[in-house]
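Scroll down for the structure; my scribbles are underneath it.
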Amino acid sequence: MPRLSEVITALENLWPAERAESWDAVGTVVGDPDQEVSRVLFAVDPVQEIVDEAVKLDADLLVTHHPLYLRGTTTVAATHFKGRVVHTLIKNDIALHVAHTNADTADPGVSDALAGALDLRVVRPLVPDPTDPDGRRGLGRVCELDHPLTVRELAARAAECLPATAQGIRVAGDPEATVRTIAVSGGSGDSLFDQVRAAGVDAFLTADLRHHPVSEAVAHSPLALLDAAHWATEWPWCELAAAQLDEISDRHGWDLRVHVSKTVTDPWTAHAASNPTTSTTGAPN
């Protein structure tokens, strides 16, 4: 069995910490470098439900996309929910490693996994990493569809192919417009509208879209917007990352048992659809 330090070195080669954004908090949060690792669990969120799953699985290492302490802390007391996560991890000899924005821009990275889940052909990064001479790393991906779809049909494909959430897929723009090219970005993406418009694509699929940026975006151009749940757009990366670690394990003869959590940690738990109406009198008073 490999030591944690060996597995972390392999993960750092996939997602170097120096490629994370300056504001980010990536790397190993909890763990003894000398402890042995035989079972690894991948998940999006380092929340108590996932940590409890790691305990039941008898995992030695939990790898998550989202950081536990993004803005730092002065305490890990178990009186706070993040402190309880730390206590549970340490008591059960489970290490925690985070790959966040360094996994977003990796090749392959979070948006490659999102494109793969929707059966899209990746053409190039949406926002290329200027330090990559091959032009493959960067934020988001510009993709082509295997055949044209309407926006409505594309939203249905996304709803079918991505993990189910209470939100589903929201659409802004003409549902009957034709889509041949699309940009995708896992996680929050409404800061990328300028780059998406510059890419000349027909649609943009991302998460966490807000009213005013969307209102301005659809006023600028006929670009269609598809808004999925944040968790759902990033969960496919867990399967990609697990497969990458599996390949490394086979190459080194580590015989790691690598798992992907199927637990839905999207915070939204229910959705009540508005009643359809043909009224043109406006919103209710």
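For the numbers below, each heavy atom of this structure counts, side chains included, while hydrogens, waters and symmetry mates do not.
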Heavy-atom side-chain contact between Cys238 and Val44 under 4.5 Å: yes

Salt bridge or not between Asp146 and Arg121? Use side-chain N to carboxylate O under 4.0 Å. no

Hey, mind stepping through Leu11 and Leu61 against side chain to side chain contact (heavy atoms under 4.5 Å, CB included) and telling me if it holds? CA-CA 12 Å; Leu11 299 182; Leu61 171 61; 4.2 Å; yes

Taking C-beta and beyond as the side chain, do Val214 and Asp190 meet within less than 4.5 Å on heavy atoms? no

For residues Ile90 and Val85: do they belong to one hydrophobic cluster (side chain heavy atoms under 4.5 Å, members Ile, Leu, Val, Met, Phe, Trp, Tyr)? yes

Quick one: are Leu126 and Arg141 in side-chain contact, heavy atoms under 4.5 Å? no

Does some side-chain heavy atom of Asp202 sit less than 4.5 Å from a side-chain heavy atom of Thr181? yes

Side chain to side chain contact (heavy atoms under 4.5 Å, CB included), that's the test. Do Thr73 and Lys82 meet it? Break it down for me. CA-CA 10 Å; Thr73 186; Lys82 292 189 177 184; over 6 Å; no

Does the pair Leu114 and Leu205 meet the rule for a side chain to side chain contact (heavy atoms under 4.5 Å, CB included), with working shown? CA-CA 9 Å; Leu114 175 57; Leu205 185 148; 3.9 Å; yes

Under a 3.5 Å distance rule, please check whether Arg3 uses its side chain to pair with a backbone N or O of Asp34 as donor and acceptor. yes

Under 3.5 Å: donor-acceptor pair, side chain of Thr233, backbone of Ala207: no

Answer whether the closest heavy-atom distance between the side chains of Ile8 and Pro33 falls below 4.5 Å. no

Whether the Thr265 and Glu49 side chains hold a donor-acceptor pair (N or O, under 3.5 Å, no angle test) is what I'd like checked. no

If you take all heavy atoms of Arg124 and Ala199, which pair is closest and at what distance? NH2-O, 3.7 Å

Step by step, would you call Leu154 with Leu145 a side chain to side chain contact (heavy atoms under 4.5 Å, CB included)? CA-CA 9 Å; Leu154 182 59; Leu145 278 70; 4.2 Å; yes

Main chain of Ile94, side chain of Asn92: is a donor-acceptor contact present, judged purely on distance under 3.5 Å? no

Could you check whether the rings of His252 and Trp254 sit parallel, tilted or perpendicular, using 30° and 60° as the cut-offs? parallel

Starting at CZ of Arg170, measure out to NE2 of His271 and round the result to the nearest 0.5 Å. 9.5 Å

Exam field: side chain Thr206 to backbone Gly187, donor-acceptor pair closer than 3.5 Å: yes

Is there a donor-acceptor pair closer than 3.5 Å between any side-chain N or O of Asp227 and the backbone N or O of Leu209? yes

If you round to the nearest 0.5 Å, how far is NZ of Lys262 from CD of Glu239? 5.5 Å

Joint cluster assignment, Val110 & Val122, ILVMFWY side-chain distance < 4.5 Å: no

Nearest 0.5 Å, what's the CG-CZ distance between Leu149 and Arg157? 5.0 Å

Do Arg251 and Glu247 sit within salt-bridge range, that is, some charged N less than 4.0 Å from a carboxylate O? yes

Examine distances only and state if a side-chain atom of Thr64 and a backbone atom of Val98 form a donor-acceptor pair shorter than 3.5 Å. no

Would you please classify the geometry between the His66 ring and the His100 ring as parallel, tilted or perpendicular, with 30° and 60° separating the classes? perpendicular

Treat each ILVMFWY residue as a node, draw an edge where side-chain heavy atoms are under 4.5 Å apart, and state whether Leu89 and Val40 are in one component. no

How about Gln244 and Trp15: do any of their side-chain heavy atoms sit closer than 4.5 Å? yes

Is it true that a side-chain atom of Trp235 and a backbone atom of Ser261 form a donor plus acceptor pair closer than 3.5 Å? yes

Would you say Leu240 and Val258 are hydrophobically clustered, going by side-chain heavy atoms of ILVMFWY under 4.5 Å? yes

Provide the closest heavy-atom pair for Ile50 versus Asp45 in the form atom of the first, atom of the second, distance. CG1-O, 3.3 Å

Are Val55 and Val63 connected into the same hydrophobic cluster when the rule is that any two of I, L, V, M, F, W, Y join if their side-chain heavy atoms are below 4.5 Å apart? no

Could you report the tightest heavy-atom contact between Ala158 and Leu118, atom names first, then the distance? CB-CD2, 4.1 Å

Distance in Å, Asp112 CG paired with Leu120 CG, rounded so as to fall on 0.5 Å steps: 11.0 Å

If you take all heavy atoms of Ala232 and Leu162, which pair is closest and at what distance? O-CD2, 3.9 Å

Result for side chain to side chain contact (heavy atoms under 4.5 Å, CB included) between Val151 and one of Asp174, Val179, Thr178 points to Val179

So does Arg39 have more than 12 non-hydrogen atoms from other groups sitting under 6.0 Å from CZ? yes

Contact between Leu41 and Glu53 at the side-chain level, heavy atoms closer than 4.5 Å - yes or no? yes

Do Arg152 and Glu176 meet the salt-bridge criterion of a basic N to acidic O distance under 4.0 Å? yes

Could you pull out all donor-acceptor pairs under 3.5 Å where a side-chain atom in residues 191-198 meets a protein atom, sequence neighbours excluded?
{"unit_1": "Asp194", "atom_1": "OD1", "unit_2": "Arg197", "atom_2": "NH2", "d": "2.7"}

Roughly how far apart are Asp250 CG and Leu245 CG, rounded to 0.5 Å? 9.5 Å

Heavy-atom closest pair, residues Ala172 and Val218: CB-CG1, 4.0 Å

Between Pro213 and Arg210, what is the shortest heavy-atom contact and its length? CD-O, 3.4 Å

Using modelled atom types only, decide if a donor and an acceptor are shared between the side chain of Gln35 and the backbone of Asp60 within a distance under 3.5 Å. yes

Mark yes or no for whether Asp24, through its side chain, and Leu70, through its backbone, hold a donor-acceptor pair below 3.5 Å. no

Find the distance between CD (Glu18) and CG (Asn102) and round it off to the nearest 0.5 Å. 8.5 Å

With side chains defined as the heavy atoms from C-beta onward, is the minimum distance between Val51 and Leu96 less than 4.5 Å? no

Donor-acceptor contact below 3.5 Å, side chain Ser111 vs main chain Gly186: yes

Flag for Arg19-Thr131: side-chain donor and acceptor within less than 3.5 Å: no

